[in-house]
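FYI, side chains are in, hydrogens and waters are out, and symmetry mates aren't considered; it's all heavy atoms of this structure.
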Amino acid sequence: KQKLVSRLRNQEALLSEIEFEWLRQWFVQGHKHAKLHPYWHDPIKVLIKSFCALEETTVQIIKLLKEASKRGETETEDLCETLFDVLIESFTERN
């Protein structure tokens with residue numbers, strides 16, 4: 001359980017890092033900055049793809065958690081609640 005919670009927390013932290021420290025900064029600096037630094041275009045494209053893949057993983061985790069919580073199994077109830085808490089915390093920090 002702890003390993004899964006830790007992994008999800010790390011994934012969400014990575015999403016925040018990529019979004020706030022790289023992607024937003026790149027786009028905030030604008031077109032002129034991008035023209036001055038063409039060597040960053042390909043790495044930024046790779047970063048965007050990676051970011052989207054991580055977000056899709058988060059969406060799949062949410063779907064699985066919803067399905068598991070609907071089943072009402074007591075064994076997974078605590079884990080689902082903990083993982084939802086991690087996601088809520090991450091979404092709150094990112095907004």
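Leu15 and Phe20 end up in different hydrophobic clusters when Ile, Leu, Val, Met, Phe, Trp and Tyr side chains are linked at under 4.5 Å.
Considering His31, His37, Lys32 in turn, His31 is the only one that fulfils the side chain to side chain contact (heavy atoms under 4.5 Å, CB included) rule with Lys35.
A distance of 5.5 Å separates CD1 in Ile48 from CG in Leu23, rounded to the nearest 0.5 Å. Atom CZ of Arg9 is separated from atom CG of Leu87 by 10.0 Å, given to the nearest 0.5 angstrom. Here the straight-line distance linking atom CG of Leu54 with atom NZ of Lys49 works out to 14.5 Å at 0.5 Å rounding. Note that CD1 of Ile88 and CD of Glu81 are 9.5 Å apart. Values are rounded to the nearest 0.5 Å. The distance from the CD atom of Glu93 to the OG atom of Ser16 is 6.5 Å, given to the nearest 0.5 Å. Rounding to the nearest 0.5 angstrom, the gap separating the CZ atom in Arg71 from the CD atom in Glu77 is 12.5 Å.
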Next on the checklist: As a quick check of understanding, evaluate side-chain contact (heavy atoms from CB on, under 4.5 Å) for Glu12 and Leu8, giving each step before the final call.
Outcome noted: CA-CA 6 Å; Glu12 293 304 311; Leu8 181 59; 4.1 Å; yes
Next on the checklist: Apply side-chain contact (heavy atoms from CB on, under 4.5 Å) to residues Leu65 and Thr76 and explain how you reach the verdict.
Outcome noted: CA-CA 9 Å; Leu65 290 172; Thr76 59; over 6 Å; no
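Within the 3.5 Å criterion, the main-chain N or O of Asp78 finds a donor-acceptor partner in the side chain of Thr82. Judged by distance alone, with hydrogens and angles left aside, the side-chain atoms of His33 form no donor-acceptor pair with the main-chain N or O of Trp26 at under 3.5 Å. Using a distance-only test at 3.5 Å, with no hydrogens or angles considered, no donor-acceptor pair links the side chain of Ser6 to the main chain of Gln2.
In summary, Glu17 and Arg24 do not engage in a salt bridge, as defined by a charged side-chain N under 4.0 Å from a carboxylate O.
For the residue pair Gln60 / Glu56, a side-chain donor-acceptor distance below 3.5 Å is found, with atom types taken as modelled. The closest side-chain donor-acceptor pair between Thr58 and Gln11 falls under 3.5 angstrom.
Between His41 and Tyr39, the gap from one ring centroid to the other reaches at least 6.0 Å.
Closest of all the heavy-atom pairs between Cys80 and Ser69 is SG-N, 4.3 Å.
Heavy-atom neighbours of Arg94 CZ from other residues, nucleotides or ligands within 6.0 Å: above the threshold of 12.
Side-chain atoms of Phe27 and Trp22, non-hydrogen and from C-beta on, never get closer than 4.5 Å to each other. A heavy-atom distance below 4.5 Å is found between the side chains of Ile18 and Leu14.
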